[in-house]
Structure formats: C-alpha cells, structure tokens
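Fair warning: this is a prediction, and the values are worked out from it, not measured in the lab. Here is the naming used below: chain letters follow the sequence lines, and residue numbers restart at 1 for every chain.
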There are 2 protein chains.
Amino acid sequence: MNALSNDRRNNIEDVAREARVSTATVSRALRGMPNVAPSTRERVRKAARLLEYRADPTASRLASGRTNTVAMVVPILDGWYFATVMAGAEGVLTDRGYELLVFVAGDEEARSRLIMSSRLRGADGMILVDVALTEAEAGTLLQLGGPIVSVGMEFGGFTSVVVDDVEIGRSATQHLVDLGHIDIAILGGAGDDPLGYLVPDRRREGYRQALDKVGIARRAELTIDGTFSVRSGYETMQELLALRHPPTAVFSMSDEMAFGALKAIRDSGLSVPGDISVVGVDDHPMSWVMDLTTVQQKVAGHGALAGRLVLDQIEESHEPLRQEAETSLIIRGSTAPPR
Amino acid sequence: MNALSNDRRNNIEDVAREARVSTATVSRALRGMPNVAPSTRERVRKAARLLEYRADPTASRLASGRTNTVAMVVPILDGWYFATVMAGAEGVLTDRGYELLVFVAGDEEARSRLIMSSRLRGADGMILVDVALTEAEAGTLLQLGGPIVSVGMEFGGFTSVVVDDVEIGRSATQHLVDLGHIDIAILGGAGDDPLGYLVPDRRREGYRQALDKVGIARRAELTIDGTFSVRSGYETMQELLALRHPPTAVFSMSDEMAFGALKAIRDSGLSVPGDISVVGVDDHPMSWVMDLTTVQQKVAGHGALAGRLVLDQIEESHEPLRQEAETSLIIRGSTAPPR
DNA sequence: CTGAAAGCGCTTACAG
DNA sequence: CTGAAAGCGCTTACAG
C-alpha cells in the first residue's frame with residue numbers, strides 16, 4: 001500500500017499495459033526524457049491520465065538514488081529569523097524541483113539524536129541554520145558525503161553563509177558614538193559559547209573596536225549577557241536601568257532583544273530616543289513599526305543563497321566555500337544625540 | 001548510490017555478513033522487534049555500530065509502505081502564524097517518530113501544481129494550514145486516501161481544527177462596546193472569498209452581532225477590507241483616519257494588522273488608547289510589547305492538535321472530525337473608554 | 001526508439 | 001528464534 005492511500009493505486013505496470021509499451025518506456029515518456037517517439041509519449045501520457053497515475057516517489061528514489069530532498073535543521077521553528085531563512089531556501093528548492101524536509105534540533109540531546117539517526121539520509125544535502133555542532137557531530141555529518149551548507153556558523157569542510165559580525169557590532173556602535181554617546185551598553189547572547197557560537201563574541205568585538213577607536217573607556221557593567229529574545233531584552237534592559245549611571249544608548253544584538261529593551265525603557269517612564277537611544281540588528285518586520293534603528297541583514301537572501309549553494313553542490317559537487325552576505329545600517333527614530 | 005553519500009555505504013547485507021545472521025534478522029534486531037534472541041540482537045548491534053550502518057530510509061519506505069512522514073502545506077512560511085502552527089505540529093510528529101515535509105502553495109498556480117504532482121504521495125498524511133482548495137482539488141486530495149487535517153479552513157471529509165470566529169469577532173467588539181465606544185471600525189481580510197476563506201466573514205459577523213445586540217447603528221465606512229498584514233493594517237487605518245468622523249475604536253482581525261494600525265494612529269499624532277482604542281486577534285508575541293488588547297488563540301496548540309489528529313488517523317484511521325479550539329480576550333493597554 | 005532484466009536496500013509473511 | 005525468498009515500484013545500463 002502506498003503512502004496516503006488505502007485502495008490500490010495504479011502503478012507503472014498498469015500504465016505500461018494500458019499504453020502497450022514497457023515500463024521503461026513509461027518511465028522515460030513521463031519524465032520527459034529524450035529518445036521517445038512523440039506518438040508513444042502521447043499515448044503513455046493519455047494512459048497515465050486515464051489511470052490517474054503518479055509515480056511513487058519512494059520507488060523513484062530507491063531506483064535512482066536521488067531523493068530530490070534537502071534537509072534543513074534549525075534550533076527552533078517559530079522564530080522570525082529561522083522562518084525567514086527557511087522561506088528563502090524553500091523558494092529556490094521548489095524552483096529547482098526539490099523538497100524541503102525540516103528537522104528541529106533545539107538542544108544537544110535532540111541534535112545528537114538526529115545526527116545519529118538515519119533520518120538525514122533521506123536527503124541529498126542539508127542546510128544547518130545556527131546549529132552548533134560538536135567536532136564529532138560535524139565529522140559524522142561530513143561522512144554522510146552529501147553537501148552541507150551552514151548558515152550563521154562556520155565549520156571546516158562545510159560551505160557557510162555568514163555575515164561580518166564584527167562589522168555589524170562596529171557599525172551599530174559607531175552610529176551611537178557619532179551621535180555623541182559615551183555611555184553605550186551592549187545587550188546580547190552570552191560569550192564563550194562552548195559550542196562555538198561566535199556571533200555574540202564577534203558583535204561584541206565590533207562594539208569594542210568602535211569604542212576603543214575613539215578612546216571611550218568601556219564600563220564593564222554596560223555589557224550584559226542574555227539570549228536573543230524579546231523577554232531577555234526586557235530583562236537585561238531592566239538591569240541596565242537599575243544602574244547608578246544607566247547608559248544613554250544601547251546596542252542590542254538582535255531586533256527582538258531591542259523590542260524588549262524598548263518596552264523596558266518605556267515601562268520605566270523614560271523615552272526613546274529622548275532619554276535612551278537603541279539600535280538593533282536584523283531589520284525584523286516589526287522594526288519598521290517600532291521605528292527601530294537597526295543593522296539590516298537580508299535574512300531571506302541568506303536562505304536563498306544557502307539553497308542555491310546546496311543544490312549546486314548536489315548537482316555538480318563543488319568545493320566548500322564561504323559566502324559573506326552584506327549588511328547595512330538603517331537609521332530610524334530610535335536613535336538620537338544624548339540629552 | 002545513496003542520498004548524502006559518495007563512497008559506498010554499508011548496507012544491511014554487510015551487517016548480516018558481519019553478524020553472521022540473515023538480513024531479516026538484522027532488520028528485526030535493529031528495529032527492536034520481538035522474537036530476537038538477546039545475544040543475537042547484541043551481536044547485530046555491534047556489527048551495525050562497527051560498520052556505521054544506518055538503514056536507508058528510502059528502502060525501508062518502499063518495503064514497508066510507510067513513509068513516516070507528514071506533509072504540511074502552508075501559503076507562506078515566514079509569517080508568525082504559520083511558523084507557530086508548524087512548530088506545534090513538529091513537536092508531536094517528532095515525538096512520535098515522524099518527519100515533516102514542508103510545501104508552500106502561495107497562489108492558485110502553485111497550489112494546483114502541488115496537488116497534481118506526485119509530491120504529496122511522499123507522506124502518510126497531510127496538514128493543510130489556511131489552504132483554500134477548490135472542490136476539485138479537495139477531491140483529488142481525498143482520493144489519495146491518506147488522512148488530511150485542515151487547520152483554519154473547513155472542508156467536508158477533512159478533519160479540521162478551527163476556532164469560533166464569530167465568537168472572536170463578537171468578544172472583541174463587545175469589549176469595545178462595554179468600554180462605551182459607538183464608532184467602532186473593523187479592519188480585516190476581504191469578504192466574499194471565492195475560495196471559501198470564511199474567517200473574515202465570520203469575524204465580521206461577530207462584530208455585527210455585538211453591535212446589533214446593543215442597537216448601535218453600523219456605519220458602512222467603518223468596515224474596511226485589507227489583508228492580514230502589518231502593512232495593510234497601516235494603510236487601512238490611514239483610510240479610517242481620513243474620514244470626517246474617524247472611529248474611536250478599532251477591531252483589527254489580526255494582531256499584525258493591529259500593529260500597523262497602531263503605527264498609523266501614532267504617526268498621525270494621535271494616541272492609543274487615549275484617542276483610539278485598538279483590539280486585535282492572535283496574541284502574537286509582539287502584542288505584549290505593543291501592549292495590545294487581543295483575542296488570544298493558542299496557535300501552537302492548533303498545530304499540535306493537528307499533528308495528533310493526523311497521526312491518530314494514520315495509525316488507526318478514524319472518522320474525520322471537527323475540533324474547535326478555545327480563544328480568550330486578553331485586555332491590555334490599547335483599549336480604554338472613549339474620551 | 002523500445003524492451004527485457006537487473007537492481008536499488010530494505011521488510012515481511014511463511015516455514016521451520 | 002531464524003532464514004530463504006518474494007516483493008515494494010520504480011530507473012537504468014545494455015542490447016537491439
């Protein structure tokens with residue numbers, strides 16, 4: 001019995017019988033291969049239509065060795081960033097006749113279980129988005145032999161799509177410095193990630209460079225670790241507001257954190273940008289609504305690029321490479337000179 | 001050659017040889033089936049580990065007739081609602097050993113191409129989220145024989161997960177009426193959808209009922225059609241603000257539209273809820289940040305429910321049924337009595 | 001341009 | 001508890 005079917009479905013033999021040709025010819029005719037007489041092809045098509053025949057993808061895959069599927073692994077599904085990368089990738093996969101199989105590996109256990117399972121074998125290639133692999137896991141994956149594209153993280157041997165996170169941190173901070181701010185805080189992910197998620201460290205490095213360049217002494221209490229979430233932005237901002245000398249400007253490593261920070265500032269009775277300026281990273285759709293100055297990443301573009309890279313490698317096995325996507329500062333109303 | 005592999009992978013025969021048993025025993029031992037001697041099972045496991053054997057999912061599928069895959073069809077991927085439904089479904093699918101294959105059918109053409117293709121045959125069942133099918137398409141899908149669960153739309157023969165949209169419209173409007181508003185506008189999707197997307201009409205019906213109940217005369221110009229997006233909320237709100245007698249309260253059929261409306265109100269120099277109250281639908285994560293009063297839907301729960309329903313039917317073929325999920329009004333700071 | 005046949009790598013009655 | 005063998009439904013050299 002086939003997937004999605006209870007009653008018997010017509011198979012390639014039924015079509016062959018109906019069209020009075022061999023199954024080989026049916027296969028060739030229906031897939032538009034060359035070397036099929038036009039009249040034969042038409043006869044086969046008619047028979048297939050009559051019998052409502054659709055090739056069983058599973059059988060095609062087993063026989064051909066190609067699944068026409070790309071696996072995408074994300075830490076979560078319901079986050080703007082991941083959904084947007086996925087949407088970007090999906091577009092190119094569909095255009096090129098591939099399907100998208102989605103896996104969520106939210107924690108170490110799920111990730112390791114996924115990698116040890118046979119599930120990833122059901123795809124011709126894979127895209128990992130912000131998935132922090134251990135050395136051993138990367139090795140296991142590489143051993144599968146199919147192309148792997150990593151978005152957001154870099155691994156040796158994997159093709160990767162990244163942005164210049166140091167530059168992101170620098171340009172955001174520079175913007176605040178240019179406005180005249182001295183007490184500039186930074187909200188972001190935790191540093192020293194054991195799994196090598198370097199984005200927070202790099203953005204922080206850019207922040208440091210921008211401050212050091214103009215000789216602004218960094219105040220340690222203005223660097224606060226959190227997670228890239230609205231809630232965390234709210235809480236970390238509250239910590240900053242509780243300081244004896246709160247900052248006059250905040251660089252938030254993601255727009256979602258920035259949204260939380262904006263709320264915390266307003267909830268405390270202060271205004272943006274009057275009392276405190278805020279700059280984020282991403283250009284999340286809500287940033288326009290929130291009038292948030294931000295460093296734009298073209299996230300859907302990253303997904304599309306990852307899709308293109310993985311398909312190119314599936315189809316002609318290139319060398320792994322590193323692609324860097326552009327980012328740019330978008331100045332909106334959440335930033336202004338200090339009082 | 002297998003998916004994701006260039007060099008030859010070990011197959012079940014290699015493992016059988018190594019463990020000195022038949023392939024049938026390897027299959028049974030590795031899948032944890034009963035009637036395998038403990039010592040034999042251990043030997044097979046060891047051999048599999050040694051040879052880094054992982055069963056080829058494609059071959060398993062062809063032989064067993066089960067794909068262990070559920071297809072999910074959405075109109076777009078990068079929208080909060082769809083990503084959240086997907087996340088909810090993914091959780092239960094993964095827990096029960098199923099994989100998630102994602103298809104996007106954004107317009108009629110893509111939808112019809114998808115349905116006519118053999119791609120949906122690669123799954124044991126499917127979940128459609130807000131997919132507006134024609135009669136013919138629904139028939140084609142039903143003919144596939146596998147269970148189909150529709151989220152957000154109802155079709156005869158399909159199991160569906162819905163909410164009481166009339167009640168949503170009524171409770172949101174009632175809340176505004178209770179606050180003393182008379183000039184209450186409604187922003188939402190277009191009515192009279194040829195494809196039967198009834199949500200806008202039903203929410204509008206609830207709005208009417210709430211007004212009629214207390215005898216408030218409806219002003220036609222306060223009903224404006226748009227799409228469920230931030231941008232559309234912004235634009236339709238601008239239209240309302242341009243009226244000679246703008247409303248003092250707005251019921252927006254989605255939170256995202258409401259966000260756009262909030263921005264339009266503020267951009268015009270008015271305040272919320274001082275000048276205009278706004279209530280949305282969804283309880284989008286940003287609603288907390290925006291302090292938006294809204295009718296909450298447990299969207300991830302809808303996805304999880306859909307997942308459970310489709311799996312239950314795959315595993316024991318139930319009758320199609322209709323599940324109605326709860327909604328509830330969450331009062332925040334975007335609503336207040338009129339001036 | 002077409003067909004016969006092998007093969008893809010598993011699972012599953014069936015028999016013992 | 002285990003194995004031999006058929007079968008899942010296609011695709012693909014190979015031969016003609």
Side-chain angles (χ1 to χ4, degrees), chain A residues 1-6 8-45 47-48 51-68 117-119 121-122 124, chain B residues 1-6 8-45 47-48 51-68 117-119 121-122 124:
Chain A
M1 202 192 312
N2 304 314
L4 269 179
S5 105
N6 292 319
R8 181 178 179 292
R9 299 192 61 75
N10 289 315
N11 62 25
I12 199 170
E13 287 198 54
D14 298 315
V15 179
R17 204 175 304 120
E18 175 71 25
R20 309 197 165 289
V21 292
S22 69
T23 59
T25 297
V26 173
S27 177
R28 285 188 287 248
L30 259 23
R31 284 181 302 141
M33 311 221 72
N35 295 334
V36 177
S39 63
T40 306
R41 196 188 298 274
E42 203 32 63
R43 193 147 37 88
V44 171
R45 282 205 180 121
L51 301 179
E52 297 185 305
Y53 172 72
R54 274 172 193 69
D56 179 341
T58 299
S60 305
R61 285 167 187 176
L62 182 57
S64 71
R66 313 187 67 262
T67 64
N68 278 297
S117 77
S118 63
R119 291 183 275 159
R121 286 196 62 195
D124 295 326
Chain B
M1 202 192 313
N2 303 315
L4 270 178
S5 103
N6 293 318
R8 181 178 179 292
R9 297 193 61 77
N10 290 313
N11 62 23
I12 199 170
E13 288 199 52
D14 298 315
V15 178
R17 202 174 307 120
E18 175 72 25
R20 311 197 163 287
V21 292
S22 68
T23 59
T25 297
V26 173
S27 178
R28 285 187 288 249
L30 259 23
R31 285 181 302 141
M33 311 221 71
N35 295 334
V36 176
S39 63
T40 305
R41 195 188 300 275
E42 201 33 61
R43 195 147 36 90
V44 171
R45 283 205 180 121
L51 301 179
E52 295 185 305
Y53 172 73
R54 273 173 195 67
D56 179 341
T58 299
S60 305
R61 284 167 187 176
L62 183 58
S64 71
R66 311 187 68 262
T67 65
N68 278 296
S117 76
S118 64
R119 291 182 275 160
R121 286 196 62 197
D124 295 326

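Taking atom CZ of Arg121(B) as the reference point, atom P of dC8(D) lies 14 Å away to the nearest angstrom. Atom P of nucleotide dC10(C) and atom CG of Asn10(B) are separated by 10 Å, given to the nearest angstrom. If you measure from atom CD of Glu13(A) to atom P of dA5(C), you get 13 Å, rounded to the nearest angstrom. Rounded to an integer number of Å, the gap from Arg66(B) CZ to dC10(C) C1' is 15 Å. Rounded to a whole Å, the CG atom of Asp56(B) is 13 Å from the C1' atom of dT11(C). Distance, Leu62(B) CG to dG9(C) C1': 9 Å, rounded to whole Å. Remark: C1' of dT12(D) and CD1 of Ile12(A) are 12 Å apart, rounded to the nearest angstrom. The distance between atom CG of Leu51(B) and atom P of dG9(C), rounded to the nearest whole Å, is 15 Å.
Looking only at distances, a side-chain donor or acceptor of Arg41(A) sits under 3.5 Å from a matching main-chain atom of Ala29(A).
A distance of 14.5 Å separates CD1 in Ile12(A) from CZ in Arg54(A), rounded to the nearest 0.5 Å.
A heavy-atom distance below 4.0 Å to DNA chain C is reached by these residues of residues 17-28 of chain A, ordered by number: Val21(A), Ser22(A), Ala24(A), Thr25(A), Arg28(A). A heavy atom lying under 4.0 Å from DNA chain C marks the following residues of residues 30-44 of chain B, by number: Arg31(B).
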Response to the item:
Each base of DNA chain C marked ( ) or [ ] if paired in-strand (Watson-Crick or G-U under 3.5 Å), | if paired to another strand and . if unpaired gives |||.||||||||.|||
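Looking at residues two or more places apart in sequence or on another chain, you find a side chain to side chain contact (heavy atoms under 4.5 Å, CB included) between Asn68(B) and Arg66(B), Tyr98(B). With sequence neighbours left out, the side-chain hydrogen bond (donor to acceptor under 3.5 Å, both in side chains) criterion links Arg28(B) to no other residue. Partners of Ser27(B) under the side-chain hydrogen bond (donor to acceptor under 3.5 Å, both in side chains) rule, at least two apart in sequence or in another chain, are Arg31(B). Applying the side chain to side chain contact (heavy atoms under 4.5 Å, CB included) test to Thr40(B) and every residue at least two apart in sequence or in another chain returns Val21(B), Thr25(B), Val36(B), Ala37(B), Arg43(B), Val44(B). The salt bridge (charged side-chain N to carboxylate O under 4.0 Å, His left out) test applied to Arg20(A) returns no partner, not counting sequence neighbours. In this view, Asn11(A) and Arg8(A), Glu13(A), Asp14(A) satisfy the side chain to side chain contact (heavy atoms under 4.5 Å, CB included) rule, not counting sequence neighbours. Among residues two or more places apart in sequence or in another chain, the side chain to side chain contact (heavy atoms under 4.5 Å, CB included) test is passed with Arg119(B) by Thr94(A), Glu99(A), Phe103(B), Leu114(B), Ser117(B).
You'll find the side chain of Glu52(A) stays beyond 4.5 Å of the side chain of Asn10(A), heavy atoms only. A heavy-atom distance below 4.5 Å is not found between the side chains of Glu42(B) and Pro38(B).
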